[in-house]
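Have a look at the structure below, then the notes.
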Protein chains: 2
Amino acid sequence: MGGPIKGRTHRQLRIDLNKTMIASVNHPPLATPLADRLTAAGLRLTAPRRAVATVLETSETHLAPAEVLERARAICPDLGRATVYRTIDALVRIGALRPLYLGDGPEQRFALAEGGHHHLVCAACGTVVEFDDCPLGDLETTLAARTGFRIHGHLLELFGRCPACA
Amino acid sequence: MGGPIKGRTHRQLRIDLNKTMIASVNHPPLATPLADRLTAAGLRLTAPRRAVATVLETSETHLAPAEVLERARAICPDLGRATVYRTIDALVRIGALRPLYLGDGPEQRFALAEGGHHHLVCAACGTVVEFDDCPLGDLETTLAARTGFRIHGHLLELFGRCPACA
DNA sequence: TTGTCTGCAAAGCGTTTGCATTTCG
DNA sequence: CGAAATGCAAACGCTTTGCAGACAA
């Protein structure tokens, strides 16, 4: 039977490759608060939205809607599921948040759109190693000029097998 | 009301940046047939699996399970939904296929794991521009050496707004 | 032959929607 | 005050699972 893809857990490690990395350090995002992004986009800033924004901004990992709901309820107890989805939708459309897929279940996960996200994903066990630096500054510039896109950030996922699964 | 993220369609364009691109051309994957990968992994090669593998290999775009089912039925008429999901699961776990998210609906999409996939995604309308070259060869090598991962391929998604939506 | 794989249909569950009410501006 | 946003709960639709039969090796 097709094995349980679900068996894979959502683990995230973080490594610092500064010493061995190429160049062009990508400093962490300035993290203009998501709340500001909402108002700047002409959307109303409500308590539920503020709670969702705060959770997304302060999380160390890439959250799924259910996790956002759970954590945000600590700030805004009456928060409803639907509002979480709707707020995330809004943030994605404004370009403040971006969807991503880490391969450990059918739920969607999100990350701040600003800056870059770099993952090393194990196809077998779902382990995700995150690293901070990457040499994509030039590419972003080139592509922006060439295509007319306004680029907010990027996601780089290297896919393979971790030492334990290889 | 939270706008319909669904309103965004799954469009894919393709551009050739050879002329303006940096260097390090990433030649297309050798595409060891997916069917071979299955047998190599000790899995049985059945007609349904062969059909799914063929569809995934020959598609120009990144398919969702429902699309794979539809197309594969042209080859294997009795193919069932469950088998498509199970086969995709198997392919992901052996590292031949990789999940990805393009932001235009809740369904998962997949791409061959070998080689690279490079997208320029518009946060507003969901348009995806695909490009073929990227300068990540060195990074893959460095990371593989540093982390012990065996890297099959990568996904690079630049997130922003297309000219029309900006 | 035998354990794997398949199709079917039901179950599961993450996401979306309708609507009356509340809230921001 | 008027439009936008919210919560609830039902509706949806994609994905997974149980099982008996079919099939690769």
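- At a cut-off of 3.5 Å, with distance as the only test, a side-chain donor of A:His119 or A:Glu157 sits close to an acceptor on the other residue.
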Might you list the N or O atoms of the protein lying below 3.5 Å from N or O atoms in nucleotides 23-25 of chain C, with each pair's distance?
| residue | atom | partner | partner atom | Å |
| --- | --- | --- | --- | --- |
| C:dC24 | O2 | A:Arg44 | NH1 | 2.9 |
| C:dC24 | O2 | A:Arg44 | NH2 | 3.2 |
| C:dG25 | OP1 | A:Leu45 | N | 3.0 |

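- For the pair B:Arg81 and A:Thr83, both in contact range of DNA chain D, the more 5′-proximal nearest nucleotide belongs to A:Thr83.
- Nucleotide D:dC14 holds its C1' atom 12 Å from the CD1 atom of B:Ile88, rounded to whole Å.
- Between A:Ile75 atom CD1 and D:dT6 atom P there is a gap of 14 Å when expressed in whole angstrom units.
- Nearer to the 5' terminus of DNA chain C, by closest-nucleotide assignment, is the contact made by B:Pro48 (compared with the other of A:Pro65 and B:Pro48).
- Atom CZ in A:Arg109 sits roughly 15 Å away from atom C1' in C:dT15 (whole-Å rounding).
- A:Leu69 places its CG atom 11 Å from the C1' atom of D:dG7, with the value rounded to the nearest Å.
- Salt bridge A:Arg37/A:Glu114: present, at least one basic N to carboxylate O contact under 4.0 Å.
- Nearest-nucleotide positions on DNA chain D place A:Thr87 closer to the 5' end than the other of A:Thr87 and B:Ala66.
- When rounded to the nearest whole Å, the span between CG of B:Leu38 and P of D:dA24 equals 14 Å.
- Taking 4.0 angstrom as the limit, A:Tyr85 places a side-chain polar atom (N or O) nearer than this to OP1 or OP2 of C:dT15.
- Note: CD (B:Gln108) to C1' (D:dT16) measures 14 Å, nearest angstrom.
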Output side-chain donor-acceptor pairs under 3.5 Å for residues 45-52 of chain B, partner residues at least two apart or in another chain, one line each.
| residue | atom | partner | partner atom | Å |
| --- | --- | --- | --- | --- |
| B:Thr46 | OG1 | B:Arg49 | N | 3.3 |
| B:Arg49 | NH1 | B:Arg44 | O | 2.9 |

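- Put simply, the side chain of A:Arg71 never gets that close to the backbone of A:Val55: no donor and acceptor are under 3.5 Å apart.
- Within the 3.5 Å criterion, the main-chain N or O of A:Leu112 finds a donor-acceptor partner in the side chain of A:His117.
- Checked by atom type and distance alone, the side chain of B:Thr83 never pairs as donor or acceptor with a backbone atom of B:Leu79 at under 3.5 Å.
- Ring planes of A:His118 and A:His154: tilted class, angle from 30 to 60°.
- Of all nucleotides listed (D:dT15, C:dT6, D:dT17), D:dT15 comes nearest to the side chain of A:Pro106.
- When rounded to the nearest whole Å, the span between CZ of B:Arg86 and P of C:dA9 equals 14 Å.
- Following rounding to the nearest Å, B:Arg49 (CZ) and D:dA25 (C1') show an atom-to-atom distance of 13 Å.
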